[in-house]
Amino acid sequence: MSSRFAFFEGQIVPIEQAKISITTHALNYGTAAFGGVRGYWNPDEKQLYLFRPLDHFTRLLNSGRLLMMKLPYTPEQLTELLIELLRREEFQENVYVRPLVYKASEGIGVRLHDLRDELSMFAVPYGSYLGKEDGIRVGLSSWRRVDDNAIPARGKLTGAYVNSALIKTEAVLNGYDEALVLSDDGHISEGSAANFFMVRNGTVITPPVSANVLEGITRRTVMTLLSDELGIPVIEREIDRTEVYMADEAFFSGTGVQIAAITEVDRRVIGNGATGPIVNKVRDLFFEVVQGKVEKYREWVQPVYVAERETA
Ligand code: PMP
(Lines give C-alpha, C1' and ligand atoms only; values in the text may rest on other atoms or scores of the structure.)
Protein backbone atom coordinates (compact mmCIF):
# COMPACT_ATOMS: atom_id res chain seq x y z
CA MET A 1 0.00 0.00 0.00
CA SER A 2 1.36 3.45 -0.83
CA SER A 3 0.08 6.97 -0.19
CA ARG A 4 -3.25 8.00 -1.59
CA PHE A 5 -3.34 11.55 -0.25
CA ALA A 6 -1.08 14.50 0.42
CA PHE A 7 -1.36 17.85 2.13
CA PHE A 8 -0.45 20.28 -0.62
CA GLU A 9 -0.91 24.04 -1.03
CA GLY A 10 -3.24 24.32 1.92
CA GLN A 11 -5.44 21.26 1.52
CA ILE A 12 -5.58 17.49 1.43
CA VAL A 13 -5.62 16.31 -2.19
CA PRO A 14 -5.20 12.97 -4.01
CA ILE A 15 -1.46 12.28 -4.18
CA GLU A 16 -1.45 12.53 -8.01
CA GLN A 17 -2.42 16.19 -7.73
CA ALA A 18 0.48 17.09 -5.41
CA LYS A 19 2.89 18.18 -8.16
CA ILE A 20 5.30 21.08 -8.51
CA SER A 21 6.85 22.75 -11.56
CA ILE A 22 10.45 22.24 -12.67
CA THR A 23 10.85 26.00 -12.20
CA THR A 24 10.21 25.79 -8.44
CA HIS A 25 12.86 27.61 -6.39
CA ALA A 26 13.37 24.77 -3.87
CA LEU A 27 14.01 22.22 -6.62
CA ASN A 28 16.60 24.42 -8.30
CA TYR A 29 18.39 25.76 -5.22
CA GLY A 30 17.77 23.29 -2.38
CA THR A 31 15.81 25.93 -0.44
CA ALA A 32 13.60 23.62 1.56
CA ALA A 33 13.61 21.85 4.90
CA PHE A 34 12.06 18.53 5.78
CA GLY A 35 11.07 16.38 8.67
CA GLY A 36 10.50 12.70 9.26
CA VAL A 37 7.93 11.48 11.75
CA ARG A 38 7.13 7.87 12.49
CA GLY A 39 3.76 6.43 13.31
CA TYR A 40 3.82 3.12 15.19
CA TRP A 41 0.95 0.68 14.85
CA ASN A 42 -0.10 -0.87 18.14
CA PRO A 43 -1.99 -4.06 17.13
CA ASP A 44 -3.43 -4.71 20.61
CA GLU A 45 -5.07 -1.30 20.77
CA LYS A 46 -5.63 -1.07 17.01
CA GLN A 47 -4.12 2.38 17.29
CA LEU A 48 -1.54 4.30 15.30
CA TYR A 49 0.71 6.39 17.55
CA LEU A 50 2.69 9.33 16.18
CA PHE A 51 5.97 9.71 17.98
CA ARG A 52 6.67 13.21 19.32
CA PRO A 53 4.93 15.04 16.45
CA LEU A 54 4.98 18.39 18.27
CA ASP A 55 8.75 18.21 18.63
CA HIS A 56 9.15 17.26 14.97
CA PHE A 57 6.92 20.10 13.77
CA THR A 58 8.63 22.59 16.10
CA ARG A 59 11.97 21.64 14.56
CA LEU A 60 10.51 21.86 11.06
CA LEU A 61 9.17 25.37 11.67
CA ASN A 62 12.51 26.39 13.19
CA SER A 63 14.26 25.13 10.05
CA GLY A 64 11.79 27.27 8.11
CA ARG A 65 12.78 30.30 10.21
CA LEU A 66 16.39 29.67 9.30
CA LEU A 67 15.32 29.91 5.65
CA MET A 68 13.33 33.10 6.45
CA MET A 69 10.03 31.40 5.76
CA LYS A 70 6.68 32.72 6.87
CA LEU A 71 4.35 29.80 7.46
CA PRO A 72 0.89 30.20 8.95
CA TYR A 73 0.99 27.09 11.15
CA THR A 74 1.73 26.15 14.72
CA PRO A 75 3.15 22.72 15.66
CA GLU A 76 -0.28 21.90 17.16
CA GLN A 77 -2.06 22.77 13.90
CA LEU A 78 0.38 20.67 11.89
CA THR A 79 -0.19 17.72 14.21
CA GLU A 80 -3.96 18.08 13.66
CA LEU A 81 -3.46 18.28 9.90
CA LEU A 82 -1.33 15.16 9.98
CA ILE A 83 -3.93 13.28 12.00
CA GLU A 84 -6.57 14.28 9.44
CA LEU A 85 -4.35 13.08 6.59
CA LEU A 86 -3.64 9.74 8.29
CA ARG A 87 -7.32 9.18 9.06
CA ARG A 88 -8.01 9.55 5.35
CA GLU A 89 -5.27 7.02 4.60
CA GLU A 90 -6.55 4.51 7.19
CA PHE A 91 -3.15 2.84 7.59
CA GLN A 92 -3.02 -0.09 10.00
CA GLU A 93 0.74 -0.52 10.02
CA ASN A 94 3.90 1.45 10.82
CA VAL A 95 4.19 4.61 8.78
CA TYR A 96 6.72 7.31 7.97
CA VAL A 97 5.55 10.87 7.43
CA ARG A 98 7.48 13.34 5.33
CA PRO A 99 6.61 17.01 5.94
CA LEU A 100 8.42 19.56 3.77
CA VAL A 101 8.56 23.35 3.86
CA TYR A 102 9.82 24.83 0.64
CA LYS A 103 10.37 27.99 -1.38
CA ALA A 104 7.52 27.56 -3.83
CA SER A 105 7.99 30.59 -6.12
CA GLU A 106 8.80 29.80 -9.72
CA GLY A 107 11.66 31.44 -11.61
CA ILE A 108 15.37 32.12 -11.57
CA GLY A 109 17.31 33.92 -8.81
CA VAL A 110 19.06 32.43 -5.80
CA ARG A 111 18.03 34.09 -2.52
CA LEU A 112 15.79 33.54 0.49
CA HIS A 113 13.76 36.76 0.54
CA ASP A 114 10.64 37.73 -1.43
CA LEU A 115 9.63 34.16 -2.19
CA ARG A 116 6.42 32.25 -1.50
CA ASP A 117 6.63 29.49 1.10
CA GLU A 118 4.58 26.29 1.12
CA LEU A 119 4.22 23.21 3.26
CA SER A 120 3.51 19.69 2.04
CA MET A 121 3.09 16.37 3.78
CA PHE A 122 2.57 12.75 2.84
CA ALA A 123 2.81 9.40 4.62
CA VAL A 124 3.98 5.97 3.49
CA PRO A 125 3.94 2.55 5.13
CA TYR A 126 7.41 1.98 6.48
CA GLY A 127 9.40 -0.66 8.31
CA SER A 128 13.11 -0.86 8.85
CA TYR A 129 15.46 1.72 7.27
CA LEU A 130 18.82 -0.01 7.23
CA GLY A 131 17.33 -3.45 6.74
CA LYS A 132 19.12 -4.54 9.88
CA GLU A 133 19.26 -2.79 13.22
CA ASP A 134 21.69 -5.27 14.72
CA GLY A 135 25.33 -5.24 13.95
CA ILE A 136 25.83 -2.56 11.37
CA ARG A 137 29.27 -2.06 9.87
CA VAL A 138 30.50 1.51 9.68
CA GLY A 139 33.41 3.27 7.98
CA LEU A 140 34.78 6.75 8.67
CA SER A 141 33.77 8.93 5.74
CA SER A 142 36.33 10.69 3.58
CA TRP A 143 33.80 13.55 3.42
CA ARG A 144 33.52 16.17 6.15
CA ARG A 145 30.24 17.22 7.76
CA VAL A 146 28.69 20.51 6.61
CA ASP A 147 29.64 23.29 9.00
CA ASP A 148 27.21 25.53 10.88
CA ASN A 149 28.76 28.57 9.18
CA ALA A 150 28.33 27.09 5.69
CA ILE A 151 25.12 25.05 5.68
CA PRO A 152 23.74 24.53 9.20
CA ALA A 153 23.21 20.83 9.93
CA ARG A 154 20.70 21.66 12.65
CA GLY A 155 18.30 22.98 10.02
CA LYS A 156 17.47 19.71 8.21
CA LEU A 157 17.76 21.63 4.96
CA THR A 158 17.27 19.69 1.73
CA GLY A 159 20.34 21.26 0.11
CA ALA A 160 22.52 20.01 2.97
CA TYR A 161 21.50 16.43 2.25
CA VAL A 162 23.83 16.37 -0.74
CA ASN A 163 26.45 16.04 2.01
CA SER A 164 24.54 13.07 3.50
CA ALA A 165 24.07 11.49 0.07
CA LEU A 166 27.80 11.72 -0.73
CA ILE A 167 28.55 10.16 2.65
CA LYS A 168 26.01 7.34 2.41
CA THR A 169 26.87 6.30 -1.14
CA GLU A 170 30.59 6.27 -0.48
CA ALA A 171 30.01 4.05 2.57
CA VAL A 172 27.76 1.60 0.75
CA LEU A 173 30.01 1.38 -2.33
CA ASN A 174 32.92 0.68 0.03
CA GLY A 175 31.01 -2.25 1.51
CA TYR A 176 29.77 -0.63 4.73
CA ASP A 177 26.20 -0.18 5.94
CA GLU A 178 26.72 3.38 7.15
CA ALA A 179 29.36 6.03 7.74
CA LEU A 180 30.61 8.10 10.64
CA VAL A 181 31.48 11.65 9.67
CA LEU A 182 34.04 14.03 11.10
CA SER A 183 33.59 17.78 11.37
CA ASP A 184 36.30 19.96 9.89
CA ASP A 185 38.01 20.06 13.33
CA GLY A 186 38.46 16.28 13.21
CA HIS A 187 35.87 15.31 15.83
CA ILE A 188 32.97 12.93 15.32
CA SER A 189 29.70 14.57 14.27
CA GLU A 190 27.14 11.91 13.28
CA GLY A 191 26.11 9.42 10.59
CA SER A 192 24.60 10.29 7.21
CA ALA A 193 21.13 10.56 8.75
CA ALA A 194 21.45 9.54 12.39
CA ASN A 195 23.03 10.68 15.65
CA PHE A 196 25.94 8.79 17.17
CA PHE A 197 26.41 7.38 20.67
CA MET A 198 29.16 5.28 22.19
CA VAL A 199 29.60 3.58 25.55
CA ARG A 200 32.90 3.69 27.42
CA ASN A 201 33.28 2.34 30.94
CA GLY A 202 29.55 2.40 31.64
CA THR A 203 29.03 5.99 30.47
CA VAL A 204 27.16 6.87 27.30
CA ILE A 205 28.79 9.66 25.30
CA THR A 206 27.40 11.61 22.35
CA PRO A 207 28.70 14.69 20.51
CA PRO A 208 27.19 18.02 21.65
CA VAL A 209 24.63 19.94 19.54
CA SER A 210 27.47 22.32 18.57
CA ALA A 211 29.27 19.48 16.70
CA ASN A 212 27.43 20.06 13.39
CA VAL A 213 24.76 17.50 14.15
CA LEU A 214 21.04 17.54 13.63
CA GLU A 215 19.38 18.01 17.01
CA GLY A 216 17.76 14.61 16.83
CA ILE A 217 14.48 13.92 18.55
CA THR A 218 15.41 10.25 18.95
CA ARG A 219 18.73 11.46 20.39
CA ARG A 220 16.91 13.42 23.07
CA THR A 221 14.55 10.51 23.69
CA VAL A 222 17.42 8.07 24.13
CA MET A 223 19.25 10.44 26.48
CA THR A 224 16.16 10.74 28.68
CA LEU A 225 15.48 6.99 28.73
CA LEU A 226 19.10 6.17 29.52
CA SER A 227 19.46 8.59 32.40
CA ASP A 228 15.94 8.69 33.88
CA GLU A 229 14.83 5.08 33.40
CA LEU A 230 17.98 3.00 33.17
CA GLY A 231 20.16 5.06 35.52
CA ILE A 232 23.03 5.15 33.03
CA PRO A 233 25.07 8.39 32.92
CA VAL A 234 24.98 10.25 29.60
CA ILE A 235 27.36 13.02 28.68
CA GLU A 236 27.68 15.30 25.66
CA ARG A 237 31.25 16.03 24.68
CA GLU A 238 33.60 16.05 21.72
CA ILE A 239 34.60 12.56 20.59
CA ASP A 240 37.94 11.69 18.98
CA ARG A 241 38.01 9.22 16.11
CA THR A 242 40.13 6.63 17.91
CA GLU A 243 37.94 6.68 21.00
CA VAL A 244 35.31 5.01 18.85
CA TYR A 245 37.67 2.15 18.03
CA MET A 246 38.02 1.51 21.77
CA ALA A 247 34.32 1.83 22.64
CA ASP A 248 32.54 -0.97 24.50
CA GLU A 249 29.32 -0.34 22.55
CA ALA A 250 28.14 2.10 19.90
CA PHE A 251 24.87 2.92 18.17
CA PHE A 252 23.04 5.30 15.87
CA SER A 253 19.71 6.91 16.76
CA GLY A 254 17.17 8.45 14.42
CA THR A 255 13.58 8.33 13.28
CA GLY A 256 14.62 6.17 10.32
CA VAL A 257 17.26 3.92 11.89
CA GLN A 258 15.49 3.93 15.28
CA ILE A 259 18.27 2.47 17.46
CA ALA A 260 20.87 0.62 15.39
CA ALA A 261 23.76 -1.16 17.08
CA ILE A 262 27.18 -0.54 15.51
CA THR A 263 29.41 -3.60 15.84
CA GLU A 264 32.27 -2.64 13.55
CA VAL A 265 34.04 0.65 12.75
CA ASP A 266 36.81 0.82 10.15
CA ARG A 267 37.13 -2.98 10.33
CA ARG A 268 37.67 -2.91 14.08
CA VAL A 269 35.21 -4.89 16.15
CA ILE A 270 33.28 -2.88 18.77
CA GLY A 271 32.97 -4.66 22.11
CA ASN A 272 32.59 -8.37 21.44
CA GLY A 273 31.06 -7.85 18.01
CA ALA A 274 27.44 -8.31 19.10
CA THR A 275 24.80 -5.82 20.24
CA GLY A 276 25.87 -4.76 23.75
CA PRO A 277 23.75 -4.82 26.94
CA ILE A 278 23.14 -1.06 27.15
CA VAL A 279 22.04 -0.80 23.52
CA ASN A 280 19.75 -3.79 24.01
CA LYS A 281 18.15 -2.32 27.13
CA VAL A 282 17.54 1.13 25.74
CA ARG A 283 16.21 -0.26 22.47
CA ASP A 284 13.72 -2.57 24.19
CA LEU A 285 12.45 0.35 26.26
CA PHE A 286 12.33 2.63 23.20
CA PHE A 287 10.06 0.23 21.31
CA GLU A 288 7.71 0.00 24.31
CA VAL A 289 7.58 3.79 24.57
CA VAL A 290 6.88 4.47 20.86
CA GLN A 291 3.93 2.09 20.89
CA GLY A 292 2.37 3.98 23.79
CA LYS A 293 2.98 1.16 26.26
CA VAL A 294 4.78 3.18 28.93
CA GLU A 295 2.37 5.37 30.90
CA LYS A 296 5.04 7.85 31.99
CA TYR A 297 5.88 8.69 28.36
CA ARG A 298 2.35 8.70 26.94
CA GLU A 299 2.74 12.45 26.36
CA TRP A 300 5.30 11.62 23.65
CA VAL A 301 2.78 9.64 21.61
CA GLN A 302 -0.25 11.01 19.84
CA PRO A 303 -3.06 8.60 18.86
CA VAL A 304 -4.36 9.04 15.30
CA TYR A 305 -7.63 7.16 15.46
CA VAL A 306 -10.55 7.75 17.77
CA ALA A 307 -10.31 4.99 20.38
CA GLU A 308 -12.97 2.31 20.06
CA ARG A 309 -15.61 2.57 22.79
CA GLU A 310 -15.09 -0.01 25.48
CA THR A 311 -18.02 -2.38 25.53
CA ALA A 312 -19.30 -3.62 28.87
N1 PMP B 1 21.10 13.42 11.88
C2 PMP B 1 20.70 13.56 10.60
C3 PMP B 1 21.64 14.16 9.61
C4 PMP B 1 19.42 13.12 10.22
O5 PMP B 1 19.01 13.25 8.95
C6 PMP B 1 18.57 12.53 11.18
C7 PMP B 1 17.23 12.01 10.78
N8 PMP B 1 16.21 12.94 10.93
C9 PMP B 1 19.03 12.43 12.50
C10 PMP B 1 20.29 12.89 12.81
C11 PMP B 1 18.15 11.88 13.59
O12 PMP B 1 17.18 12.82 13.96
P13 PMP B 1 15.77 12.35 14.53
O14 PMP B 1 16.05 11.50 15.68
O15 PMP B 1 15.07 13.62 14.90
O16 PMP B 1 15.08 11.63 13.43
Side-chain angles (χ1 to χ4, degrees), residues 3-13 15 18 26 32-42 45-92 94-104 116-124 126 152 154-158 209 214-225 228 253-256 258 286 289-308:
S3 348
R4 291 184 294 142
F5 299 99
F7 182 78
F8 181 66
E9 298 187 340
Q11 53 184 326
I12 295 175
V13 298
I15 191 89
F34 66 103
V37 186
R38 264 191 195 259
Y40 287 90
W41 178 245
N42 179 322
E45 293 180 39
K46 296 204 179 326
Q47 184 58 274
L48 184 61
Y49 285 110
L50 292 170
F51 189 61
R52 304 187 77 164
L54 285 174
D55 295 302
H56 279 282
F57 287 126
T58 300
R59 184 175 70 191
L60 182 75
L61 293 173
N62 281 337
S63 295
R65 280 163 58 185
L66 221 152
L67 295 178
M68 304 178 79
M69 289 183 178
K70 289 185 192 68
L71 293 158
Y73 304 103
T74 62
E76 289 78 10
Q77 285 169 331
L78 291 176
T79 303
E80 284 307 311
L81 271 173
L82 174 54
I83 288 173
E84 203 183 321
L85 179 73
L86 288 169
R87 285 186 183 164
R88 297 274 288 269
E89 293 280 18
E90 300 178 321
F91 291 125
Q92 300 210 348
N94 292 347
V95 300
Y96 183 89
V97 181
R98 167 51 49 80
L100 180 80
V101 291
Y102 61 102
K103 295 284 175 187
R116 185 167 60 87
D117 307 312
E118 284 289 350
L119 182 144
S120 64
M121 214 159 19
F122 66 93
V124 287
Y126 201 69
R154 80 166 42 72
K156 211 159 171 56
L157 312 177
T158 57
V209 293
L214 183 75
E215 296 174 2
I217 288 153
T218 321
R219 174 183 180 276
R220 254 193 286 153
T221 301
V222 163
M223 291 170 77
T224 302
L225 296 180
D228 294 5
S253 76
T255 299
Q258 305 176 107
F286 175 80
V289 166
V290 295
Q291 287 191 61
K293 292 180 178 170
V294 182
E295 196 52 43
K296 184 171 170 191
Y297 295 104
R298 290 280 289 192
E299 72 205 29
W300 282 348
V301 297
Q302 172 77 48
V304 167
Y305 300 121
V306 181
E308 276 175 29

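Note that these values count all heavy atoms, side chains included, but never hydrogens, waters or copies made by symmetry. Only a predicted model underlies this, so the values are computations on that prediction, with no experimental measurement involved.
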> Compare every heavy atom of Val222 with every heavy atom of Ser253, then report the nearest pair and how far apart it is.
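Taking Ser253 first and Val222 second, the nearest heavy atoms are CB-CG2, 4.3 Å.
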
> Assess the side chains of Arg65 and Asn62: does a donor N or O sit below 3.5 Å from an acceptor N or O?
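Yes, side-chain donor-acceptor contact under 3.5 Å.
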
> Measure the shortest side-chain to side-chain distance between Asp55 and Arg220 over non-hydrogen atoms and say whether it is less than 4.5 angstrom.
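In short, these two side chains touch, coming nearer than 4.5 Å.
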
> If you compare all heavy atoms of Trp41 against all heavy atoms of Gln291, which two are closest, and at what distance to 0.1 Å?
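So the two residues come closest at O-OE1, 3.7 Å.
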
> Under the salt bridge (charged side-chain N to carboxylate O under 4.0 Å, His left out) test, which residues partner Glu215, sequence neighbours left out?
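Once residues adjacent in sequence are excluded, the partners of Glu215 under the salt bridge (charged side-chain N to carboxylate O under 4.0 Å, His left out) criterion are Arg154.
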
> Return the set of residues passing side-chain contact (heavy atoms from CB on, under 4.5 Å) with Glu80 (not counting sequence neighbours), or none when no residue passes.
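Partners of Glu80 under the side-chain contact (heavy atoms from CB on, under 4.5 Å) test: Ile83.
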
> What are the two closest heavy atoms between Asp117 and Met68, and how far apart are they?
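Closest approach of Asp117 to Met68: OD2-O, 4.2 Å.
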
> Apply side-chain contact (heavy atoms from CB on, under 4.5 Å) to the pair Leu60 and Val101, showing each step before the final yes or no.
CA-CA 8 Å; Leu60 182 75; Val101 291; 4.0 Å; yes

> Please report the closest heavy-atom contact between Gly36 and Tyr96, naming both atoms and the distance.
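Gly36 and Tyr96 have their closest heavy atoms at CA-OH, 3.3 Å.
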
> Roughly how far, to the nearest 0.5 Å, is the CG atom of Leu78 from the CG atom of Leu54?
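So the gap between those two atoms works out to 9.5 Å.
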
> Main chain of Ala123, side chain of Ser3: is a donor-acceptor contact present, judged purely on distance under 3.5 Å?
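Pair found, side chain donor or acceptor close to backbone of Ala123.
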
> Classify the side-chain pair Tyr297/Arg52 by whether it contains a donor and acceptor separated by less than 3.5 Å.
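The criterion, which ignores hydrogens and geometry beyond distance, is not satisfied for Arg52 and Tyr297.
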
> Please determine whether side-chain contact (heavy atoms from CB on, under 4.5 Å) holds for the pair Tyr126 and Arg38, giving the CA-CA distance in whole Å, both sets of side-chain angles, and the decisive distance to 0.1 Å.
CA-CA 8 Å; Tyr126 201 69; Arg38 264 191 195 259; 3.6 Å; yes

> So which atom in Met121 and which in Leu81 form the shortest heavy-atom distance, rounded to 0.1 Å?
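Between these two residues, the closest heavy atoms are CE-CB, 4.1 Å.
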
> List the steps, then state whether side-chain contact (heavy atoms from CB on, under 4.5 Å) holds for Leu50 with Leu86.
CA-CA 10 Å; Leu50 292 170; Leu86 288 169; 3.6 Å; yes

> To the nearest 0.5 Å, what is the distance between CG (Leu67) and CG (Leu157)?
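Answer for the CG-CG pair, Leu67 versus Leu157, is 5.0 Å.
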
> Any chance you could measure Gln77, atom CD, to Leu119, atom CG, to the nearest 0.5 Å?
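Gln77 atom CD to Leu119 atom CG measures 11.0 Å (nearest 0.5 Å).
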
> Return the minimal non-hydrogen interatomic distance between Val37 and Pro53, and the atom names on each side.
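Looking at all heavy atoms of both residues, the closest pair is CG1-CA, 4.4 Å.
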
> Using modelled atom types only, decide if a donor and an acceptor are shared between the side chain of Arg4 and the backbone of Ile15 within a distance under 3.5 Å.
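The answer is no, because no donor-acceptor pair under 3.5 Å joins these two groups.
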
> Show your working on side-chain contact (heavy atoms from CB on, under 4.5 Å) between Phe34 and Thr158 and close with a plain yes or no.
CA-CA 7 Å; Phe34 66 103; Thr158 57; 3.8 Å; yes

> Report the residues that fulfil salt bridge (charged side-chain N to carboxylate O under 4.0 Å, His left out) with Arg116, sequence neighbours left out, ordered by chain and then residue number.
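With neighbours one apart ignored, the set is Glu118.
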
> Between Phe91 and Val304, is there a side-chain heavy-atom distance shorter than 4.5 Å?
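Sidechains of Phe91 and Val304: no contact.
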
> If only atom types and distance count, is the side chain of Glu89 paired as donor or acceptor with the main-chain N or O of Phe5 below 3.5 Å?
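Pair found, side chain donor or acceptor close to backbone of Phe5.
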
> If you measure from CG on Leu225 to NZ on Lys296, what distance do you get to the nearest 0.5 Å?
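So the gap between those two atoms works out to 9.0 Å.
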
> Could you check if a side-chain atom of Leu214 sits within less than 4.5 angstrom of a side-chain atom of Arg219, using non-hydrogen atoms only?
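No. Closest side-chain heavy atoms not under 4.5 Å.
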
> Determine the interplanar angle of the Phe51 and Phe286 rings, folded into 0 to 90°, and report it as parallel if under 30°, tilted if 30 to 60°, perpendicular if over 60°.
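Geometry flag for Phe286 against Phe51: perpendicular rings.
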
> Counting C-beta onward and ignoring hydrogens, is there a side-chain heavy-atom pair between Gln258 and Val290 closer than 4.5 Å?
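No - every pair of side-chain heavy atoms lies 4.5 Å or more apart.
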
> Near Lys70 NZ, under 6.0 Å, is it more than 12 heavy atoms from other residues, nucleotides or ligands?
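No, the 6.0 Å shell around NZ holds no more than 12 heavy atoms from other groups.
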
> I need the Tyr305 OH to Gln92 CD distance, nearest 0.5 Å.
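The CD atom of Gln92 is 6.0 Å from OH of Tyr305, to the nearest 0.5 Å.
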
> Calculate, to the nearest 0.5 Å, the distance between atoms CG and CZ belonging to Leu85 and Phe8 respectively.
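If I round to the nearest 0.5 Å, the distance is 14.0 Å.
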
